[in-house]
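Notes follow the structure.
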Amino acid sequence: MLAAAIVLFCVAAQNEPGESKVYFTEDISSDGVMKLIEKVRGNISGKVGVKVHFGEEGNEWYLSPELSSKLIETFDGTYVETNILYVSTRRYTDSHLALAKRHGFDPVRILESNRYKEIPVNLKHYKSVRAAEDIDDFDTYIVFSHFKGHAMAGFGGAIKNVSMGLSAIAGKMAMHASSIPIYHPEKCIQCGECVKNCPGNAISLNPLTIDQEKCIGCGACIGICPVRAFSIPWGSTDNEPFMERLVEYAYGITKGRNMIYVNVLKNISPDCDCMAHARDPFVHDIGILVSTDIVAIEQASLDLVNRHFRDGKHDAFVENVGHSGERQIDYAEELGLGKREYRLIEVE
């Protein structure tokens with residue numbers, strides 16, 4: 001059945017020039033991962049960071065470190081993450097590291113995301129993007145992604161794992177919101193921590209206010225405030241601009257970097273691994289894909305999920321999340337990040 005499905009996906013592209021290779025196995029294990037990695041091993045060199053998601057506290061669908069353990073061992077790699085925008089265990093380095101340890105990840109490096117490296121892009125939404133300051137400390141990134149649903153992006157795979165996962169806090173804020181942080185003067189205790197830590201000198205007290213002309217949208221105040229007097233303006237960005245912003249950040253972050261992509265199609269929930277209580281998977285486990293083309297692997301992952309969902313004639317993420325994530329793939333190809341045209345190669 002799988003071989004027939006592969007032919008159906010790729011029949012139009014099989015013998016045409018310029019197609020990208022996407023390697024696939026149904027073996028969802030560390031051995032399965034390594035079988036595929038062998039196909040692109042020549043692209044891996046130097047200091048290796050394996051970019052993963054440690055899973056929110058309480059989430060049961062995140063990818064177990066057992067799947068990537070042989071990657072770490074073989075390449076003397078390090079699990080890499082950044083702190084997140086909103087306030088939770090994963091916002092602060094110490095508690096984020098403790099969560100990673102509880103979930104079995106080791107060794108771990110949390111990149112510096114309170115400060116950033118500015119990367120020029122000159123695109124539709126951004127002139128530049130803000131990556132974690134020490135992103136250049138690794139020579140090769142293996143982007144190890146759980147392909148599943150996401151409330152704003154439709155699906156989250158390699159593109160989101162790169163863009164949201166390797167950006168600075170300021171970058172995460174820029175992708176999520178079209179306005180300054182919301183502030184709540186009634187909660188303010190006048191401690192002054194936000195004023196001391198605001199790089200734009202945009203915050204004043206008594207009453208608490210943010211100067212919109214000075215605010216640079218870095219989100220530092222959200223994490224530093226002890227009483228949560230600042231919050232993210234969720235909903236200020238529509239789904240399609242959000243997806244395009246993800247792609248522009250992926251464009252800037254991947255530019256000139258050695259990147260390998262691994263998408264795991266297992267426990268495919270409608271919800272992101274950021275959710276403490278993600279809903280149950282809506283389709284059975286499918287397999288693992290590996291490619292050096294971020295667009296091709298996202299397209300192949302989407303095709304496989306759709307083909308295995310119900311009668312194969314529906315967009316599974318529209319049905320289960322509420323909207324499609326396909327704009328990520330369209331726009332990524334438009335920007336030249338890769339090709340939607342691919343050849344799926346099954347590895348026994």
Side-chain angles (χ1 to χ4, degrees), residues 1-10 20-44 48-55 59-75 77 79-80 103-105 140-150 155-162 165 259-269 272-273 281-309 316-317 325 329 338 342-348:
M1 292 297 291
L2 178 61
I6 292 172
V7 171
L8 285 170
F9 290 148
C10 306
S20 292
K21 294 177 181 178
V22 180
Y23 298 98
F24 174 80
T25 182
E26 291 181 319
D27 179 6
I28 305 178
S29 69
S30 58
D31 287 334
V33 170
M34 294 310 297
K35 283 189 295 188
L36 301 187
I37 286 293
E38 283 300 319
K39 300 298 181 180
V40 296
R41 188 174 184 137
N43 298 83
I44 301 171
V48 174
V50 179
K51 172 61 185 75
V52 294
H53 190 305
F54 299 137
N59 185 287
E60 59 181 310
W61 305 129
Y62 70 92
L63 298 179
S64 164
E66 292 175 8
L67 273 177
S68 48
S69 60
K70 289 188 177 179
L71 268 180
I72 296 294
E73 180 182 346
T74 300
F75 298 104
Y79 288 114
V80 173
H103 285 183
F105 293 91
T140 298
Y141 280 97
I142 300 176
V143 181
F144 202 89
S145 308
H146 182 199
F147 194 81
K148 72 289 178 193
H150 185 271
F155 62 77
I159 290 172
K160 184 174 181 294
N161 197 7
V162 168
M259 315 286 281
I260 306 295
Y261 306 101
V262 181
N263 276 8
V264 181
L265 279 58
K266 172 184 172 68
N267 293 329
I268 306 168
S269 166
C272 179
D273 295 347
F282 58 81
V283 67
H284 61 78
D285 295 347
I286 298 171
I288 302 172
L289 301 96
V290 167
S291 183
T292 57
D293 185 326
I294 195 171
V295 178
I297 197 170
E298 298 284 70
Q299 183 67 66
S301 298
L302 179 60
D303 287 345
L304 280 164
V305 171
N306 286 342
R307 185 155 300 279
H308 286 268
F309 176 69
F317 293 99
I329 301 173
Y342 65 91
R343 180 160 58 98
L344 196 66
I345 302 169
E346 187 175 3
V347 179
E348 298 293 338

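Not measured: the values here are computed from a predicted model.
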Give the minimum heavy-atom separation between [X] and [Y], together with the two atoms involved.
X      : Y      : answer
Leu302 : Phe147 : N-CZ, 3.8 Å
Val33  : Leu67  : CG2-O, 3.5 Å
Lys148 : Cys272 : CE-CA, 4.1 Å
Arg41  : Glu38  : NH1-OE2, 2.7 Å
Phe282 : Ala316 : CE1-CB, 3.7 Å
Pro65  : Tyr79  : O-OH, 3.3 Å

Practice problem: Applying side-chain contact (heavy atoms from CB on, under 4.5 Å), run through Phe105 and Val50 and close with a yes or a no. | Solution: CA-CA 11 Å; Phe105 293 91; Val50 179; over 6 Å; no

Mind checking ring-ring contact (aromatic ring centres under 6.0 Å, His included) for [X] and listing every partner two or more places apart, or none if nothing turns up?
X      : value
Tyr62  : His103
Tyr141 : Phe138
His150 : Phe242

Could you tell me whether the side chain of [Y] reaches within less than 4.5 Å of the side chain of [X], counting heavy atoms only?
X      : Y      : value
Phe309 : Ile268 : no
Met259 : Val143 : yes
Phe75  : Thr140 : no
Val162 : Lys160 : no
Val290 : Lys39  : no

Separation between [atom1] of [X] and [atom2] of [Y], rounded to the nearest 0.5 Å:
X      : Y      : atom1 : atom2 : value
Leu265 : Leu304 : CG    : CG    : 6.0 Å
Glu26  : Glu348 : CD    : CD    : 8.5 Å
Ile297 : Ile294 : CD1   : CD1   : 8.5 Å

Are any side-chain N or O atoms of [X] and backbone N or O atoms of [Y], one a donor and one an acceptor, separated by less than 3.5 Å?
X      : Y      : value
Asp285 : Asn267 : yes
Ser145 : Asn263 : no
Glu298 : Ile159 : yes
Glu66  : Ser30  : no

Quiz item: Between Asp293 and Val22, does a side-chain contact (heavy atoms from CB on, under 4.5 Å) hold up when you go through it step by step?
Solution: CA-CA 8 Å; Asp293 185 326; Val22 180; over 6 Å; no

Practice problem: Quickly, which of Leu289, Leu36, Ile345 forms a side-chain contact (heavy atoms from CB on, under 4.5 Å) with Thr25? Name it, please. | Solution: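 When side-chain contact (heavy atoms from CB on, under 4.5 Å) is applied between Thr25 and each of Leu289, Leu36, Ile345, only Leu36 qualifies.
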
State whether a side-chain donor-acceptor pair under 3.5 Å links [X] with [Y].
X      : Y      : value
Thr292 : Asn43  : no
Asp273 : His146 : yes
Asp31  : Ser29  : no

Exercise. Dump the intermediate steps for side-chain contact (heavy atoms from CB on, under 4.5 Å) on Asp303 and Leu344, then the final yes or no.
Key: CA-CA 11 Å; Asp303 287 345; Leu344 196 66; over 6 Å; no

Practice problem: Decide yes or no on side-chain contact (heavy atoms from CB on, under 4.5 Å) for Leu63 and Val52, but give the supporting numbers first. | Solution: CA-CA 8 Å; Leu63 298 179; Val52 294; over 6 Å; no

Quiz item: Less than 4.0 Å between a side-chain N and a carboxylate O, is that true for Glu73 and Lys70?
Solution: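 Looking at Lys70 and Glu73, the cut-off is not met.
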
